[in-house]
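For reference, the structure discussed in these notes is given below.
First the proteins, then the strands, lettered A, B, ... as listed; each starts at 1. Note that the structure is predicted; figures quoted are calculated from it, not measured. Basis for what follows: all heavy atoms, side chains included, without hydrogens, waters or symmetry-related copies.
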2 protein chains.
Amino acid sequence: MLSDNLKKVYIFSGLDETELETLSKIVKQKTFNKGDIIFFDTEPYLGFYITVTGLVKIYKISKDAKEHILHLISPYNTFAEVPLFENFNEIFDDSFRYPANAMALEDDTRVILIPARQFRELLESNTKICIKMVSGFAKRLRHLNHHIEELTLKDVTKRVAGYILTEQNKAKDNDSISLNISKNDLAAYLGTIPETLSRTLKKLQDEDMITVDGKVIKICDMDRLKDFVV
Amino acid sequence: MLSDNLKKVYIFSGLDETELETLSKIVKQKTFNKGDIIFFDTEPYLGFYITVTGLVKIYKISKDAKEHILHLISPYNTFAEVPLFENFNEIFDDSFRYPANAMALEDDTRVILIPARQFRELLESNTKICIKMVSGFAKRLRHLNHHIEELTLKDVTKRVAGYILTEQNKAKDNDSISLNISKNDLAAYLGTIPETLSRTLKKLQDEDMITVDGKVIKICDMDRLKDFVV
DNA sequence: TTGTAGTTTTGACTTAAGTCAAAGGGATGC
DNA sequence: GCATCCCTTTGACTTAAGTCAAAACTACAA
C-alpha cells in the first residue's frame with residue numbers, strides 16, 4: 001500500500017497515520033523500465049522522488065557525451081530534493097529545472113513523486129520532518145564529500161578497491177559482492193571508463209587480491225586490499 | 001558586537017534580539033593567523049563554526065600528502081555543520097571527529113564556535129532556523145554537485161576557465177578578478193597542482209583570452225572564454 | 001641592503017588513464 | 001536456431017597531466 005511505502009522513507013518516519021493518509025493523496029506513483037528516463041536536467045522541476053523498487057541513477061552528461069554518476073538511489077531513498085530549497089518563490093515558476101538527469105536502471109522501477117508546493121507547506125508546519133530533512137541532507141553531504149575525496153585524492157585502482165570494500169561492508173555476510181549495476185555504470189560512478197575499469201579489475205586479480213566472475217567479485221586477500229586503499 | 005555578527009549569518013537571520021542574546025552567551029570567539037589550523041580531522045567534534053573575518057579553507061590530505069580543498073569559507077558563512085546531524089546520540093560522546101581539516105588563509109581570521117549540544121536544542125525548538133539550515137545544506141549540496149561535475153567531466157583548462165568566469169560573475173563590476181588565495185591553494189581547489197595551473201594560465205594567455213599579472217586576472221575575450229568552458 | 005623562506009614558473013621527463021578499433025560474450029527476440 | 005544488440009574485454013596508441021629538479025620572483029625580517 002502507498003502509505004506503507006511512505007512510512008519506510010526516513011524523512012516521513014515521524015508522521016502519524018492521518019498525516020500519511022493526507023500525504024498519500026497528493027503524491028503520484030510512476031513505474032519505469034530499465035533505461036527509461038525519469039527526468040532530464042532540462043525539465044521543469046515538479047517535486048522530489050522516492051525510489052520504491054528497482055534502482056535509479058542520478059547523472060550528468062558533458063558536452064562531449066561523457067557521463068558521470070553522482071548517486072545511485074536504492075529503495076526508500078529520496079532524490080532531487082535539493083531544488084525544493086532553491087528559493088522560496090522561484091520554485092513555483094517554470095524557470096526551475098532538475099539539477100541532473102535520472103534514469104531507471106532496472107525493469108519495474110517504481111517511484112513516488114512528491115509535488116514541491118504541497119511538500120513545502122507540510123515542511124513548514126512540521127518540525128520533525130524538517131529535522132529529518134536536515135539529517136538526510138547531512139548524510140548526502142557526507143557522501144558527496146567522500147566521493148570528491150575519492151575522485152581527487154586516489155587513482156582508479158584505489159577507487160575500485162575502495163568501492164569493493166564498501167560494498168562488501170554493506171553486505172557484510174560474506175567476502176564476496178555481487179554488482180547490482182553494469183560495469184559501464186560502475187565506471188561512470190568511479191569517474192573512469194569501462195576499458196580502464198576492466199583492466200583495473202584484471203590487475204587486482206593478477207595481484208591475487210580478488211577474483212572476478214561476471215558480476216560476482218570475491219575478495220581473496222582482505223588485509224592487502226584494505227591497506228592498499230588507504 | 002557579537003550578536004551583530006550572528007545576525008548576519010543566514011541561518012540566524014530569523015532570530016529576534018532576545019534569542020540572539022541567548023545564543024551569543026553560549027558561543028566562543030577565536031582568532032587565527034594565516035596558516036593556523038582551526039581543527040584537524042582527527043579532533044573530537046565540538047560544534048560548528050562561522051567565519052567572521054578572513055578566509056578559511058576546508059581540505060583533505062591523502063596518505064601521500066596530496067591536498068584537496070573542498071570549500072573556501074568567506075565571512076558570515078558556516079562550516080563543519082554536517083556532523084551535527086550525524087546521529088542524535090553519538091554527537092555528544094567523544095568518538096566524533098571533524099570530517100576534514102580547517103585552516104585560516106589570512107591573518108586575523110576571526111571565527112565563532114557554536115557548541116553542538118546547545119545548538120541542537122535551539123534547532124529542535126525553532127522551525128525557522130531548521131528550514132534555513134535545510135536551505136543552507138541545499139546550497140552546499142548544489143555546490144558540491146557542481147564541484148564534482150567540474151572535476152569529472154572537464155579537463156584542467158576548462159576548470160580554470162570556469163573558475164575565472166565564476167569569480168568574475170561574483171565581482172561583476174568589471175572584467176578582471178583578483179585572486180584572494182594563493183595559486184597553490186587554487187590548484188588544490190581545482191583538483192590539480194601548481195605547475196599545471198601555471199602552465200594552464202599561460203596557455204589561456206597565449207590564446208589571448210586572459211592576461212595574468214600576479215594575482216590579477218583580466219578577461220580579454222569573454223565570449224571565447226565562455227563557450228570554451230561549457 | 002642582504003638573507004631567507006615561500007611562492008610561482010620553467011624545463012625535461014614519466015606515467016596513468018583515455019581514445020580508437022576490433023573482437024568476444026551473453027542475453028533476448030524472432 | 002540464428003540474428004541482433006549491448007556489454008565487456010583486449011590490444012595498440014595517444015595524451016593530459018603529474019613528477020622531479022632547478023631557477024626566478026616576492027616579500028618580509030634582520
Study note, to complete from the structure: Looking only at heavy atoms, the pair that brings A:Val134 and B:Met133 closest together is CG1-CG, 3.8 Å

Review point. Tell me: NZ of A:Lys215 to P of D:dC6, nearest whole Å?
Key: 16 Å

Study note, to complete from the structure: Students should find that the nucleotides of DNA chain C closing off the region near chain B, any atom under 4.0 angstrom from a heavy atom, are C:dT7 to C:dA12

Check your understanding: Which residue, A:Lys63, A:Lys66, A:Lys60, forms the salt bridge (charged side-chain N to carboxylate O under 4.0 Å, His left out) with B:Glu149?
Key -> A:Lys60

Revision key, fill the gap. Sorted by number, residues from residues 180-194 of chain A placing a heavy atom under 4.0 Å from DNA chain C are A:Gly191, A:Thr192, A:Ile193

Check your understanding: With no hydrogens and no angle check, do the side chains of B:Glu195 and B:Ser198 hold a donor and an acceptor under 3.5 Å apart?
Key -> no

Check your understanding: Judged by modelled atom types alone, do B:Ser182 and B:Asn184 share a side-chain donor-acceptor pair under 3.5 Å?
Key -> no

Practice item. Report yes if the distance between the aromatic ring centroids of A:Phe85 and A:Phe137 is under 6.0 Å, otherwise no. Key: yes

**Study point:** Criterion side chain to side chain contact (heavy atoms under 4.5 Å, CB included) on A:Leu201 and A:Ile164, from CA distance to verdict
**Key:** CA-CA 10 Å; A:Leu201 287 171; A:Ile164 293 170; 4.3 Å; yes

Review point. Which parts of residues 145-166 of chain A get close to DNA chain D, meaning a heavy atom less than 4.0 angstrom away?
Key: none

Check your understanding: Taking only side-chain nitrogens and oxygens of A:Lys202, does any of them come within less than 4.0 Å of OP1 or OP2 of D:dT10?
Key -> yes

Review point. Within this structure, what is the CG-to-C1' distance between B:Asp107 and D:dC28, rounded to whole angstrom?
Key: 12 Å

Check your understanding: Using the C1' atoms of the five pairs at each end, what is the angle between the end axes of the helix from C:dT1-D:dA30 to C:dC30-D:dG1, to 10°?
Key -> 30°

Exercise for review: Sequence neighbours left out, what passes side chain to side chain contact (heavy atoms under 4.5 Å, CB included) with A:Asp4? Give chain and number order.
Suggested key: A:Met1, A:Lys7

Point to revise | Flag for A:Asn5-A:Tyr76: side-chain donor and acceptor within less than 3.5 Å | key: yes

Point to revise | A:Tyr45 side-chain N/O to A:Ala80 backbone N/O, donor-acceptor pair under 3.5 Å | key: yes

Practice item. Using only heavy-atom distances, determine whether the side chains of B:Glu81 and B:Thr78 contain a donor-acceptor pair under 3.5 Å. Key: yes

Practice item. Answer yes when B:Lys57 and B:Glu106 have at least one side-chain N-carboxylate O distance shorter than 4.0 Å, and no when they do not. Key: no

Review point. Just by distance, do the side chain of A:Lys183 and the backbone of A:Gly214 share a donor-acceptor pair under 3.5 Å?
Key: yes

Check your understanding: Among side-chain atoms of A:Lys154 and B:Ser62, is any donor-acceptor pair under 3.5 angstrom?
Key -> no

Point to revise | Donor-acceptor contact present, side-chain B:Asn101 to main-chain B:Asp41, <3.5 Å | key: yes

Review point. Would you say the side chain of B:Val156 lies within less than 4.5 Å of the side chain of B:Thr200, judging by non-hydrogen atoms?
Key: yes

Review point. Counting only non-hydrogen atoms, which of residues 55-70 of chain B are less than 4.0 Å from DNA chain C?
Key: none

